[in-house]
Every structure is written in structure tokens, then in C-alpha cells.
Protein chains: 4
Amino acid sequence: MMPDSELPSYRELPELPNGVRSGWGLFGDEDSVGLMNLLTPERIVAAAGLVRKGAVFRLDLPIGAVTPPPFGRGAARHTVLERDPNGLGLDDVIDNLFPQSGSQWDALAHVAYAPDAWYNGATRQQVKAGERNTIDFWAARGIVARGVVVDVSAAVEAKGGHAEAPAITPDDIEAARVAQGVDVRPGDILLLRTGFLSWYRAQSLEVREGISGRSGMRLTGIDHGEAMAEYLWDLHISAVVADSFGLEVFPWDRDDPFGFLHPIIIGQFGMGVGELWDLDALAADCAADSVWECFLMSAPLYVPGGIGSPANAIAIK
Amino acid sequence: MMPDSELPSYRELPELPNGVRSGWGLFGDEDSVGLMNLLTPERIVAAAGLVRKGAVFRLDLPIGAVTPPPFGRGAARHTVLERDPNGLGLDDVIDNLFPQSGSQWDALAHVAYAPDAWYNGATRQQVKAGERNTIDFWAARGIVARGVVVDVSAAVEAKGGHAEAPAITPDDIEAARVAQGVDVRPGDILLLRTGFLSWYRAQSLEVREGISGRSGMRLTGIDHGEAMAEYLWDLHISAVVADSFGLEVFPWDRDDPFGFLHPIIIGQFGMGVGELWDLDALAADCAADSVWECFLMSAPLYVPGGIGSPANAIAIK
Amino acid sequence: MMPDSELPSYRELPELPNGVRSGWGLFGDEDSVGLMNLLTPERIVAAAGLVRKGAVFRLDLPIGAVTPPPFGRGAARHTVLERDPNGLGLDDVIDNLFPQSGSQWDALAHVAYAPDAWYNGATRQQVKAGERNTIDFWAARGIVARGVVVDVSAAVEAKGGHAEAPAITPDDIEAARVAQGVDVRPGDILLLRTGFLSWYRAQSLEVREGISGRSGMRLTGIDHGEAMAEYLWDLHISAVVADSFGLEVFPWDRDDPFGFLHPIIIGQFGMGVGELWDLDALAADCAADSVWECFLMSAPLYVPGGIGSPANAIAIK
Amino acid sequence: MMPDSELPSYRELPELPNGVRSGWGLFGDEDSVGLMNLLTPERIVAAAGLVRKGAVFRLDLPIGAVTPPPFGRGAARHTVLERDPNGLGLDDVIDNLFPQSGSQWDALAHVAYAPDAWYNGATRQQVKAGERNTIDFWAARGIVARGVVVDVSAAVEAKGGHAEAPAITPDDIEAARVAQGVDVRPGDILLLRTGFLSWYRAQSLEVREGISGRSGMRLTGIDHGEAMAEYLWDLHISAVVADSFGLEVFPWDRDDPFGFLHPIIIGQFGMGVGELWDLDALAADCAADSVWECFLMSAPLYVPGGIGSPANAIAIK
């Protein structure tokens, strides 16, 4: 395992012909874990020290809360079964559970930057077969980290809100972070509260359908462009999480090398991406006690070959 | 909230006509959380102090690992979807996910001691409608506790193994606990390793089919009878977890008031029950460093109205 | 059962305050079958006489052929299971089967003209409980009828095609029928080939997504307005079937009493509606031998409480 | 296509080393249709002539009627969806639909006599990929045939009933057929009513669980042994259908070359096998009018790569 001090800066990463930089190989050629490798025992012990008042925050929305589900995914169907002829027991079963239709993790299997070149050189076939980058690589380890909340919702509001408005820039994030007085350390999970979910909850079903990700409506998120890629890498975080559909601005532009960051963040960096996490109660607590760090744990659904997972995340302060 | 010191002993609990005792009402008439109410901030802070070396143990088996699934439940079906016409993205969906077909929690909605009398007086209709006792009551809070491992596998072996052999008695558990030198405190989650899973993994598919819970084969587990009910209650634990199909001896005897403990533990006590958790690596680590306690977190799948959940559990030492 | 000669004309039907006419009660107050009641033994015997050359035409598209499925329905997932340890057997299972996502029947349970007033006065609750109008009422009887093919595809082409073009009028249908030299008789199933499916098959996935029914694109179909309602009723057919997404022009206008015909045809008339049937080979054969009638059978999937069904239809000439 | 007169007798078929005989190659090396190839236009026209009184019999049980489903298959889950915000429409979706969990067809893809040797030499891989023998080969054609009912239920009763009793022999079938005065002709579908379903309907859920096919209980059906194989082949029928779980006696004996007929009938002969069809009303009608033949149509669910299908069958007299 690479000592933390050796984690290269963005500018030290090798560059592809089109200018995009790659973190492949930093944790060995066979690695399927990516920057979650930074979750070392020392960091886990340190993060546990953040449990100071015993306040627990579940960071998942209930399954089915995002209606209609983004990007054309369907809604889960939950059936209660009466299997006991004596009427003393119940059972249940779930169908049509799209792990990415609510609060979720994108596994490193979710998206590639180039055809047949998933994170760390895995092929499409390896990923589909569950041999590389799938959610079980994280699920088997568990995700335990220091979480840092940065609340940029005020900046988003000031710039025009969540629809048809400017993107969130590295400067916006830095300004909020500095104002909060919190640092970001290697291995941290950055919890970026944009206020999207608060806004979304207040919209009608009709408006929600219009913003479910297939329409042309511009949705705010972190900005496209190399500056954001460089900023995120240089934080040396293990994962970046937001409370919005797609973390970054929608729609994307695949014709621009930096016009769609998911393939870079996931496919080149091996960085975890979380979306639609419910950060509202946690952020409110952070604002109240001015402590913007927490002990963060997630147990992804342990599905062999899974492409994503419900967040299954808990923050403790 | 009731102070811990006031939690009554088993003999202080009110008694039903048939001798079974009930913990209903201890946390209010509307309570749907049960003994997980003991997971107070103070206990959570104390439990976090058990993170000493940063070792993380995922306590779930992979989905699908228990084949065939116990008690006639079906196997989950996981489908990888190619939704991106550019071949750069993957998605997935899960059908036929029985939350209780592998490492799992029984919600307090799972079983009742008497018809139309679920834990704390909830009706069958309330439970089926997700108004009382369902998994979301735990999922919304998250489960964070001190975990205590007690390994009775040697005793099970000594008594004849996992099939057609005597049950595990309170004395067996106490003897193992004392030998390990660990105490059990109010609110703890008791992690009882019986060795079942190790044994099960070594069986052929044919034998596995015979022990999947519908056959008449006797499977070892905690003993039936009031002594075990009294023992578990008086530990004042929030939950009891085992590495076996049904925690208690199978088959059950519904004609004996104490011949099937689930309805008492869940329906009368409001105690969490976990089954088929993979405790092997954790127990091996405990044996190695003689530390039998851990920080335990679980994020049940947040399904409104859910009857159970994958364990989604992580232990940290 | 009402003698055929007594089946009233459209103008004889009772009129609602908004001018829409209703066929409720013609087959008794408890009827859930609708105009399929016209499929009498005499007509079935006569229809069987149309089997002259032994040519069989399956009128369903394969499950999954319409991609993406219309109106936001999902795609079925078919899983082949290897249940035989000897490798000598296979089994399979289907999830996410939307009966109306391809060649299909709308049951009389599919749509109502007014809230809580489904065909023949059934309540929403009765329909949801499978007590009235659901597909099993047809499935239990089987559907056996004389089929009459009317091919208006040339007219559609002449008027501008399938997208953003004028609707199909009663005159268009009559002109084609007369040119073909075929009559329509009480109880017949009218098979209206518009050519939509031929056109649709030639479109790219991208165009298909745009026409899947949630976009604003106008799709050709039978015209809205009372003239079409009157025309269809006065044919005294048991069902009308087309090879297009929604039979009638899309989008609909619910503010106009006759701006959305489904609720009238299904909810007031009790007439069967079939959509997305593959009539191409059958129509080609009819054009070749100038025989535009056939023996038609359909065995709807026998789902208690079903809202629709795959067509499961066969025509024989 | 082979003239009927050339269809060889059983004794003329090539013999495998273990004495089993094979019908491979009779319809060409690429054939995936099997004896359904006998459903020629001439036979279809002749069969339509059997529609004499217009009586229609649906031969499927409702989905879910066989509880618990045989051989460990799960029950279908049907969900009614309220997709219309105006409350004027309903939709539905089905999960966990095992095509073979009720009235059903076994496709030629269902079972092989030898590893990697499915009907007509198809490999397991070809079958799993839907390239050979799967249900769509029948579904695309539709199944239209003369049906002949032979009711052996009285013989079964006389011999001891459906459980733990002797098998149905060729002599039993012949005796019933002769008594009924009906002949069997090449291409016919033989509908063998054993009375199983009538008996099964009268059993308690507990008994039903015991006879669901995994227990050791002997269930009556057609006899094992070469005599039955020879009898069925020499009828030159396209398919054999029964009203019981598995057509033949259960349990099977794979160690005897003729101890399990499915692999021979399906895998070597390419003969259709239907199970759990509801023949009761049809057989009663045949007994009443002494006409034991019918026009039979089935539209298998058109699933690419399907291993089986609901029967979707209708008989007309």
C-alpha cells in the first residue's frame, strides 16, 4: 500500500492524449477498490474519535422517496407476504430494486471514460462478470471514514437556485469550507450539501417528472471542466457525495473531454461517488454546533457484481 | 425515556395467562422500536471508544450465498443493464430480493405471539400497512451499539454438532462468556457464534437442501423454554444475533408456550433478532487478541413497511 | 343475453350531461365482459368457417420488441435458471412484465371515463380488487371471433405519415374497407393496420425514445371526436385493434369530452382495445389473396385482477 | 417437409447405446420445432371443422391457482399500479412469473437426455442463448391442432388414486380411448385427463405442500419404461398434455434409461409436453355429448429464449 505522502498531485498524474489525467495503477494493477484504499486503520481509529455526543444521522432517503426515480429507473415494488397459515408471521420481498434510484453509491463499475476501459484498465466484460470494480469490492470491506460536510446551499441560492442556474465551482466549495472552518484530509468522504433535496421535496409531481433527468432542464451541480477534476483529486478524498441527482451539472457534454465528470472521477480516479444522500438533518446539526466533521459508515448492499448500491449510510457525531 | 436502572427484570415483567411475560409499554404505547431504544447517545459514545485498531469486519454474507435460501424463500435475481448506447455505462436492478434470505434482521413486524397482537399491541393490519414495528423504524434511526461476541462453537461441537444434537443452553453461553472474560451490558448487541455457518459452507448442495428449514432435520440453536427467555431478557441487550438459520433450535413447537422463542423475543420483548450473520472473521480476530467487544453499526435497508432487512452490518475493533 | 337485433345504435344510447353516450347495462348490471358478450356460439362456429387454407399468423410481437416500452413502462426481464445439478434441465422466470408494454389487450379495468365509475358502474375499489372488469373475465372465456383486417396504411402515408400528421378518420377506414370489399359484422374484431409498426421498426433508438409516449410528439391514430365514437359503436364490433402505441391520436385532450377516446370506448362502451399488434404479415397475406377476414383467437394471460394482457393472439385463414 | 406416411415407427428410430431411441434429424438438422412440425395447413383446416357448436373451453388455471407451485417454483406477484394522477387509469406489472408454475408448456429447451445434447443436437449454450428449441420457436408459429381428450380418471381411481398408487399404462389409455370411441391421428395433441387436478383442489394446503414435488410422495402419472415411450411415439402426436404436475409418475429414476421419460419425450422425440392443464370442463362436455375431439389453439407467451410458457390454450367444440 502506498504511503499517503506519496499520493501524487493532479498535475503529477499521467495525462491521456486529450488532457484527462488518470489515477490507474496507484494501488496495483489488479485493484478494484480505488481511493477507498485510503481508508486505513489509522484513519478509521481517528474518525471514531469524532463520535462526541452520540448523535446518529441516517443519510438515506426511504426507498421510493424519489418519485419518479431519476434517469428512467423504475420504482421498487415491495410486497408483504403472508406465509404463515396461523397468521402469526409476515415476510416480504422486493422487486425492481434499482440500487441507484435513490440515495446511492455509484460503484466503480458504473461508468467508464473510454469503451472497454473501466477504472484501472478493467474491461467491460470483466465488470459485467463482477470480476472487477463492482460494488462487492467495497461491500466486503465496509466503508468507514471521516466525513466532512460542506454546505454550499446558500451559494446555490445566491446564484439562482437548482434549475437553469450556474454550476457550483471549486471556489464556491472552498468559500463554504473556509467559512465553516473545517479542513479536508486524505481519505475523507466529502459530503456536499447543495440544498437540492430540500428544493425537490417542495416540487409537484409534474415538475418532478420534468426534472427526472431525461428532459433538457439544466440542473445545478458541481461544474464541468478540468478545474473541478483537479480540485477533487487534490483533496485526496476517497469519495464525494451530494444530495442531488447526478452530483454534477446536468446535462452533460460528452464531446468536451471534461464535459462529463463521472467518467473521470469514477473511471480515471477511482473515487467514490454518492448521490441523492439526505444530508439535511446532518447539515443542520453541523450548523447548530459548528462541528462539520463526523464518523461515517456505509454498508453497501453486498451484491456480487453490483453496479451500485443504496447508500446504507450513517453519520455519527 | 426510561432510565436504564428502571428496566425491569424478567420476573418483574407482567405475566400472560400462559406464563409468558411481556415487555409491552416500557417505551410508551406507541413505540415501534423496542429494545433498540436502549441505544442512547451515551452508549453510542462509549461504543465508539472500542475502535482501537481500525479493523473493519463486514458481517453480511454476499446476497445469494445461502443456497438454497432457508424456509422456502427464493434467491435474488441480479440483472446488469446496458442502458448507455455508447457502451460507457452500466446499471443494475434486483428482483426477488427476500430481505430475510441471508444475513438479516427480523423486524419487530416479522412475528407475533398471538393473532392480531404484534409487539407492543400493534394489529396485523397496522403492521401490514407499515404503521407499526416495520424495519423503517430501525432504519431511520440507524443501529449503532456495542457488540459483544460470544463464541459457543466449541460447546456445540462438544455436544454433537449442528444437526440432530442438543440445544445451546444459557449455561453454555455463560460458560463461553466467562471464559472469554467479557461482560454484557444493557443495550449491547449479543453476537452469538455457533459455528453453524462454517459447518454449512462445508455441506453439499444436497445436504443443504435437506437442512433448508422445511425438512424435519433438527438444527441446533438456542434452547426453547423459559430459562432462555429469562436469560436473554435479563441481559438487557437490544438485540441477539446468531450465525444460524433461525437462532433457536429447529423445529419449533407452537403447542408449548415456550416452544418457539421468536414470538416471545420479538413479539413480547421487542428485542432485535439477527440471523445468518457471518461472524467467523470477527470471532477469529477476537480469539486472537482476546478482545471480544466491538463497535457495531447496521444500516437496515430503508424500506417503508419492510418486514426484515439484509443485516448491512459492520463491526469495528 | 340480448338478441343481436336489439343492440341499440349510437344515437339510441343514453347520453351523459356532456354528450358522451354510454353502453352500460346492456348485458346486465353485473357484467364485466362488455361487447365480448357478442362472441356467441353461432358467431364462433361461423368464424371457424373462415379457416380455408390453414395459414396461421401470430399477431404478437416478441416480448421486449418495443424498445423503449411506450408510456414509461419498463422492459421485462427474463432469467434462465439452472436448477438441475445434473445440467440436464433449465427453467426460467420473468420479472417486470408489464402486460401492456407490447402487443396487448387493455382490459375493461384499464381506464374509466369518470372517477370511480369504471365500465358498467364498477368502482375503482372493485376494479383494483379484481372483482369487476379485469382481464380474467375475458381470459376465463377465451376470445374467439371473426377478425376483419382493414389496412389504412396507404391513407396514413398519403396524409403525411405517423408523426406530426393528420388523424385517421371514419371516412379513411370506410374507404379502405370498401376498397377491400369486406364487410364488418356484429361481434367482429376490427384489426386496423395503420403501418405504424413498420415505420417504428425502421426508426433509431434515439427517435424511438422521442416517440415513446411521454414526449409531445403527435402520433397518428384514429381521430378524436364523437364521429369516431359513433362510427366504432355502430359497427357493433366486440373489439378494435391497431398496430400502434395508443390506437388513437396522441396526445389526448382530457378537457374535450371526446378528446380522449379510450375512456369512452373502454369505460362507456365496454369495447375491447388492442394495441401494438403485429398485423403486417396477416395484412400482406390478405392483400395477396384478397381475403380480409380470418378466424381470430386470443388467450389473455389468465391473471386474476389483471389490468391488461399480452395479446396472445393467433389469426387463421 | 416429410410426408406423414414417412414418419418412422418407434422401432424404426435409431437406437442409442442404452436402448433409448431418437427422433433427431427428422425435420432437418437445424429444426427447433420438433413434432409440432406435424401441424400442417391441411391438418389445421381439418381441425377447424371440429368447431360444431361454438363451445369454448379455456384450458389454463388462473395464474397462482396451484399453491404452493410445484417443484419449488415461486408464486407470481401481481401489482396494480396507479399511474394516472387523475385516478382514471390503472396499470399493472407481474414479477416472479415462472412460466411453468401452473398450466404450462415445457419448451423443447426444458430438458435434455444427455449433457450438452438437447433436442436435435442443440448444445446447452445454444439453448441458454435462445438460439435453439426455446419457446419462441413455437410461439412465433402459434399452436393450432386437433385435440383429442382421453379420460383415464376412472382407471386411476380404480387403481388406487393419485398418491402412492400404480402408474397409468398404455393399456389404460388405450382402453379409455376405445371406450370413448375416438381415434388419434398424426399431429394431434393428446389431452390426457387423469383427474389429478380435481383431487388436488380438494386437498388442504398442508397436504399440497407435501405433494409439491420435492417430497418423496409417489404421484400417479404415465408409467415409466420403454412401452410408454413406444406408445407415445407411435401415436405420432405433436404433443401430450396432462392435468397433473409432471405428466409421468413421480419420483423419477435417472439411473434407469427409461426411468424418467421427460428427457426422452422432449429431448429425443421433440414432442410437446403440457402439464397442469385444466381439462375438467372440457372432459365433462365430451362425456356429455360423446364427442372427444376439439379444435385446439395455444399462443405461448412470446418470450425470446423462453424455457416454458403458460398454456394460453383454448379448446373449441
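Just so we're on the same page: letters track the sequence lines, and every chain starts at 1.
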Legend entry - Interface moiety of B:Pro310 toward chain A, non-hydrogen atoms closer than 4.5 Å: side chain

Inset, instruction - Write down the atom of B:Asp91, the atom of A:Gln100, and the distance for their closest heavy-atom approach. - result: OD1-NE2, 3.8 Å

Inset, instruction - To the nearest 0.5 angstrom, please state how far the NZ atom of B:Lys128 sits from the CG atom of A:Asp92. - result: 12.0 Å

Legend entry - Salt-bridge criterion met for B:Asp84 and A:Arg254 (N-O under 4.0 Å): yes

Inset, instruction - Pick one of side chain, backbone, both or neither for A:Asp136, based on which atoms fall under 4.5 Å of a heavy atom in chain B. - result: neither

Inset, instruction - Using non-hydrogen atoms and a 4.5 Å limit, figure out which bit of A:Ile143 sits close to chain B: side chain, backbone, both or neither. - result: backbone

Inset, instruction - Compare every heavy atom of B:Leu90 with every heavy atom of A:Arg124, then report the nearest pair and how far apart it is. - result: NH2-CD2, 4.0 Å

Inset, instruction - Taking the side chain as every heavy atom from C-beta outward, state whether B:Phe98 and A:Leu81 have any atom pair closer than 4.5 Å. - result: yes

Inset, instruction - With a 4.5 angstrom heavy-atom cut-off, could you sort out which part of B:Ala114 is near chain A: side chain, backbone, both or neither? - result: backbone

Legend entry - Where B:Ala48 and A:Val51 come nearest, the two heavy atoms and their spacing: CB-CB, 3.5 Å

Inset, instruction - Could you tell me whether the side chain of A:Val56 reaches within less than 4.5 Å of the side chain of B:Ile44, counting heavy atoms only? - result: yes

Inset, instruction - Using non-hydrogen atoms and a 4.5 Å limit, figure out which bit of A:Ala117 sits close to chain B: side chain, backbone, both or neither. - result: neither

Legend entry - chain A contact via B:Tyr113 - side chain, backbone, both or neither, heavy atoms under 4.5 Å: backbone

Legend entry - Short side-chain to backbone donor-acceptor contact, B:His110 and A:Gly89, under 3.5 Å: no

Inset, instruction - Run through A:Asp95, A:Asn96, A:Ile94, A:Val303 and flag the one making a side-chain contact (heavy atoms from CB on, under 4.5 Å) with B:Ile94. - result: A:Val303

